[in-house]
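We count residues from 1, following the sequence as given. These values consider heavy atoms only, across backbone and side chains, with no hydrogens, waters or symmetry-generated copies. The structure presented is a predicted model; accordingly, all values stated were derived computationally and were not measured.
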Amino acid sequence: MLPISLLITAALAQDTPDPLATAPGTLHGAAIDWTAAGMATGALLSAYLKVDTLNPPGNEARGADFLATWLGQQGIASEKLELEPGRASLIARVPAAPGTATQAPLCLLSHIDIAQAEAARWDPEKGPLSGHIDADGMIWGRGALDMKGMTTMEAMAMALVVRHKIPLNRDLILLAVADEEVDNRGISQVIAERWDQIGCSHVINEGGMGLKDMLFEGQDVYTISVGEKGATWAHLVASGEPGHGSVPRPGTSPAKLREAMDRLDQRKVRPTWDPAVMELLANAGAQQGGLSGAILQKPGLVKGLLKRRFMSNPITRAVLTDTVNITGFGGAKEPNVVPGESWTNLDMRLLPGTDAQAFVADLVAWLDDPALRIDVSSSHPAAVSPWKDDPLYAAMAARSVQGKPQAVAGPVLSVGYTDSVALRPLGVRAYGFVPLVVDEDQLATMHGDDERVSIAQITDGLRILTQVVLDVSAQPLGSAAPAPVPPPVVPPPQTGPWGGAVVAPIPAGGVLWGSDAPVAVPTPAPAAAPAAAWGRGEVSPVPTAPAPAPAATAAPPCPRPRPRRIPSPCRLRVPHGAQRRPRHRLPHRRPLPLGAPRRRSHSRARAGSQARTGGGSRMGRCAGSCAASAGSRMGRHARRDTGSCAAPHRRQPLGRQRQPARGNSRARTGSRARTGSRARTGSRARTGPAPAPTWEAEPGARSEGRARPIRAFPLRRQDAWVVAIALAAVERESARG
C-alpha cells in the first residue's frame with residue numbers, strides 16, 4: 001500500500017492536462033504541443049521532488065513507487081528490484097513489436113537518490129523537498145538538476161512513444177537505480193541480477209550538460225560525456241610518537257601529516273590533452289569562427305598558447321591532469337592527546353591510461369618519508385566509450401544544436417564518475433547527456449544551495465531527448481509494421497580543415513522525427529563489403545574472376561596547393577641571376593625581435609675593398625660630427641662621442657628607447673683612414689678576431705671606457721600571439737582555397 005503522500009503526488013500528476021492527445025502514428029514536431037508537454041513534465045517533476053530520497057539514508061523505494069504509479073497510468077509496465085528494506089531500483093520497458101527488433105535495447109538511466117541538503121540555508125518556501133514552482137516558472141528542490149529532472153524527461157519520452165504507438169526497432173528500458181550518490185550499489189545489483197534480461201548496447205545517463213558562455217560569450221556548448229576519470233580513494237597515514245598535548249614536540253604524527261600535505265601541494269604536473277577535449281575545442285572554434293576560432297582548431301596553438309590559461313582554471317586543470325585532493329582528516333578525539341597516527345582522506349581522479357597502483361607508488365616516492373604510508377580503500381579505472389561513427393552520439397550532437405545557430409556540441413571527459421563507470425567494462429556505450437542549458441551560477445547549485453531548473457529548460461530538454469530516442473529507435477514512417485527495419489545509418493563525422501570533427505548531420509535512412517513535417521531522407525546504396533581487418537574476424541567476399549584491367553590509366557589527381565608562407569621581413573631577397581653572398585654567422589649573434597632592424601656587429605674587410613665608416617654604415621650620416629679626426633689611425637680607439645650621435649636614420653623596435661650608436665671595433669690598417677663618406681684603406685685592412693659579445697658603449701662614455709654587452713631582446717608575448725594568429729589565419733584561407 002502506497003503512503004498517502006505518494007498517492008497525493010500521483011493524483012496531482014494524473015490531474016495534469018494531457019498534452020499527448022494526438023492521433024496515433026502522427027507524432028511529429030507539428031503534431032505535438034511541446035509547450036504543453038513541457039508543462040506536464042514540470043508538474044511531474046514538482047511532485048517527484050517532494051518525495052524524500054535524500055541519501056543517506058536513501059529511501060529510494062518511495063521514489064520507485066512514485067515512478068511505477070505514474071508509468072502504470074501511461075500503460076508502461078515496471079518491476080521493482082529491492083536492494084534492502086526501504087531501498088529499491090525500478091526497471092520499466094517499452095518493447096518493440098514482435099519480430100521487429102533489429103538492435104539491442106536502449107537504456108535511459110538515472111538514479112533515484114539525491115544528495116543531502118542544508119534546509120536552513122534555503123528559502124523556507126523553496127526548500128529542498130518543496131518542489132515549489134514560482135511565478136517565473138522555476139522549479140525548486142534538491143534533485144532538480146541531479147537528477148530527478150532527467151528522470152522525468154526520460155519517463156515522459158517513453159510515454160510519448162506509447163501514447164502514439166510509434167513502431168520501434170529496439171526496446172526502450174528505463175533504469176532508475178538506488179544508491180548512486182554513495183556506493184553505486186543500485187547499478188551493481190541490476191548488473192548482477194538482471195543484466196542478462198536487459199542487455200543494453202547504448203545508455204543515456206548524466207554527466208554532460210549544456211553550458212552557457214563556456215568558451216565564448218553568447219555560445220551554448222552541449223557537452224556529451226564520452227568517458228570519465230578513474231577514482232581512487234585512500235588514507236594518507238602519518239606515524240609518530242604519541243604524547244600529551246601540553247608539550248609541543250617535533251616529529252609527531254600531526255606535524256608529519258601537515259608536512260606531507262605541503263609536499264603534495266608542491267607536486268608538479270603536466271597536462272594531458274585528451275582527444276575528446278581537443279575535439280570539443282575544435283567544434284567550438286569552428287562554430288565561432290574568426291581568429292580565435294582558428295586557434296582552437298589548431299592543436300599545436302591550443303597547447304602552446306592556451307596551456308597556462310587552462311591550467312590556471314581549477315575545472316579545466318582537473319580535465320587535463322591527474323588530481324589529488326584532500327577531503328578530510330582524522331586522529332585523536334581528545335584535544336589534549338597527541339595520537340600515534342593521524343590520517344587524511346585522499347580523493348585521486350586519474351586520466352585514462354594512468355595506472356592507479358603506479359600512481360600511488362609515485363606519490364609515496366615523492367613524499368619520501370618512512371613514517372608515511374597510503375592505504376587504498378577503493379579504486380576503479382577510467383573508461384571511455386568510443387564515440388566516432390556511433391549513431392547515438394551523432395543524434396545527440398545533431399539534435400542538441402538543431403535550430404540554434406549559436407550552439408555547438410562535442411565530446412568531453414568527465415572529471416567525476418557516475419553509474420556509467422560500471423557499464424562501460426561490459427562493452428556498453430554509455431554517454432552522459434542531460435539536454436539542459438545552464439549558466440555557471442545554476443550549475444553551482446548541484447549539491448549546493450537553491451538547486452532549481454526552469455520549465456522552459458525542461459521543455460527544450462524533453463524535445464531534444466525525445467527526438468534523439470526516436471532517431472535511433474523508431475522505425476521510419478510508411479514501413480510495414482511486422483517487417484524488421486535495419487537500424488538508421490549515420491555517416492561518420494565530417495573532418496574540418498584543421499582536423500576537428502564537424503557535427504554530424506541528421507541520420508539518414510529514415511524520417512526526421514519531430515520536425516515540422518515528415519521529410520524522407522534517401523537511403524544511400526549499400527557499399528561493397530570491406531576487406532577483413534587483421535584480428536577482427538571479418539571475411540570479405542572472394543571474387544570469382546579477376547577484375548578486368550582498366551582501358552586507360554587515369555591521370556593522378558592534382559596535388560593540393562600548399563599554403564604560401566609568410567615572407568620574413570628580415571630576410572633579404574636576392575635578384576634573379578645574382579649570386580647569393582655567403583652569410584657568416586657569429587657564435588654570439590642572437591635572433592632579434594620580429595620587425596627590428598638587423599645589427600651588423602663585425603664584418604670582414606677584404607684587401608683593396610672600400611671600408612665604409614661613413615655614409616654607408618650605421619654611423620653613416622652623422623659620421624662627420626661623431627668620428628675621430630681624419631689623421632687618427634684606425635689601429636687606435638676611434639674616439640666617438642656616442643652620447644651626441646644617436647643615428648636618427650635607424651628604426652627602433654616599437655616600445656624601446658633609442659639606443660646610442662656603437663663604437664667601432666679595432667681595425668688595423670697600413671695607412672691613415674678617412675672618416676668622411678668613404679674611407680679607403682691603402683693596404684690590406686683586416687679586422688681582429690670577433691669578440692665573444694659585441695660591446696655597446698654606455699651613454700656618455702667613450703669606447704675605451706666602460707661598456708656593456710648587447711643582449712638580444714626576446715619576442716614579446718603579444719607579438720607571439722600576433723604571429724600565431726596570423727599563421728592560423730593564412731593556413732585557414734589556404735585550406736579553403
Side-chain angles (χ1 to χ4, degrees), residues 1-3 5-14 16 18 20 40-41 43-45 47-51 53 58-98 101 104-114 143 147-166 168 170-180 185-200 202-205 419 423 462 465-466 469 473:
M1 183 175 179
L2 292 176
S5 60
L6 294 182
L7 292 177
I8 294 176
T9 54
L12 289 175
Q14 184 179 6
T16 303
D18 185 8
L20 314 177
T41 309
L44 177 63
L45 174 59
Y48 190 27
L49 290 174
K50 298 175 183 178
V51 182
T53 57
N59 294 323
E60 293 92 343
R62 302 174 182 175
D65 291 336
F66 173 84
L67 293 174
T69 301
W70 189 88
L71 291 172
Q73 296 169 358
Q74 314 306 317
I76 301 174
S78 61
E79 171 195 6
K80 274 199 334 179
L81 187 60
E82 186 176 14
L83 178 63
E84 61 185 40
R87 313 192 70 176
S89 301
L90 185 72
I91 304 173
R93 183 189 297 261
V94 176
L106 170 65
C107 284
L108 307 179
L109 176 61
S110 64
H111 58 84
I112 303 175
D113 60 323
I114 55 178
M147 68 171 303
K148 289 185 175 181
M150 183 64 173
T151 305
T152 56
M153 289 189 292
E154 292 174 342
M156 185 63 73
M158 294 181 65
L160 288 171
V161 173
V162 172
R163 285 291 189 92
H164 297 284
K165 298 181 173 60
I166 300 175
L168 303 175
R170 70 197 311 171
D171 292 355
L172 295 180
I173 299 178
L174 177 70
L175 295 178
V177 300
D179 197 37
E180 188 275 343
R185 291 190 298 158
I187 189 64
S188 300
Q189 182 190 23
V190 170
I191 293 174
E193 300 181 13
R194 293 291 189 274
W195 196 252
D196 57 340
Q197 305 172 17
I198 297 175
C200 293
H202 291 75
V203 169
I204 299 178
N205 189 21
D419 284 331
L423 296 173
L462 173 65
L465 180 63
T466 304
V469 169
S473 304

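For the pair Leu71/Met158, no side-chain contact is recorded, criterion being any heavy-atom separation below 4.5 Å from C-beta on. Residues Leu465 and Ile204 form a side-chain contact, since some pair of their non-hydrogen atoms from C-beta on lies under 4.5 Å apart. Residues Val162 and Gln74 form no side-chain contact, since every pair of their non-hydrogen atoms from C-beta on lies 4.5 Å or further apart. The shortest distance between side-chain heavy atoms of Phe66 and Leu44 falls below 4.5 Å. Taking 4.5 Å as the limit, every side-chain heavy atom of Asp171 sits out of range of all side-chain heavy atoms of Leu106. Looking at Met147 and Glu180, their side chains never come closer than 4.5 Å, going by heavy atoms from C-beta outward. Contact check for Leu423 versus Ile191: side-chain heavy atoms found under the 4.5 Å cut-off.
With Glu60 contributing its side chain and Ser89 its backbone, the two residues share no donor-acceptor pair below 3.5 Å. The backbone N or O of Ala64 sits nowhere less than 3.5 Å from a side-chain atom of Lys80 that would complete a donor-acceptor pair. Listed for the Gln189 side chain is a donor-acceptor partner under 3.5 Å among the backbone atoms of Glu82. Of the possible donor and acceptor atoms, none in the side chain of Arg93 sits under 3.5 Å from a partner among the backbone N and O of Ile173.
Closest heavy-atom contact between Trp70 and Ala159: CH2-CB, 3.9 Å. When all heavy atoms of Glu154 and Leu174 are compared, the closest pair comes out as OE1-CD1, 3.6 Å. Shortest non-hydrogen contact noted between Ala178 and Ala88 is CB-O, 3.6 Å. The minimum heavy-atom distance between Gly199 and Pro105, with the atom names listed, is O-CD, 3.5 Å.
No option in Thr151, Asn205, Asp419 other than Thr151 meets the side chain to side chain donor-acceptor pair (under 3.5 Å) test with Ser110. Among Leu49, Thr53, Val51, the single residue meeting the side chain to side chain contact (heavy atoms under 4.5 Å, CB included) criterion with Ile114 is Thr53.
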Val469/Leu108 under side-chain contact (heavy atoms from CB on, under 4.5 Å): CA gap, chis, key distance, verdict
CA-CA 9 Å; Val469 169; Leu108 307 179; 4.2 Å; yes
After noting the C-alpha distance and the side-chain angles of Ile198 and Cys107, does the key distance pass the side-chain contact (heavy atoms from CB on, under 4.5 Å) rule?
CA-CA 9 Å; Ile198 297 175; Cys107 284; 3.7 Å; yes
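The OG atom of Ser473 sits 4.5 Å away from the CG atom of Leu172 when rounded to the nearest 0.5 Å. From Ile91, atom CD1 reaches atom CG of Leu175 across 6.0 Å, with rounding to the nearest 0.5 Å. The distance from atom CE of Met150 to atom NE2 of His111, rounded to the nearest 0.5 Å, is 11.0 Å. Within the model, atoms CG of Leu462 and OG1 of Thr41 stand 4.5 Å from one another, a figure rounded to the nearest 0.5 Å. In this structure, Leu168 CG and Ile166 CD1 are separated by 7.5 Å, a value rounded to the nearest 0.5 Å. To the nearest 0.5 Å, atom OG1 of residue Thr152 and atom OH of residue Tyr48 are 9.0 Å apart.
Listed by chain and residue number, nothing satisfies the salt bridge (charged side-chain N to carboxylate O under 4.0 Å, His left out) test with Asp113 (two or more places apart in sequence, or in another chain). Checked against side chain to side chain donor-acceptor pair (under 3.5 Å), Gln197 has no partners two or more places apart in sequence or in another chain.
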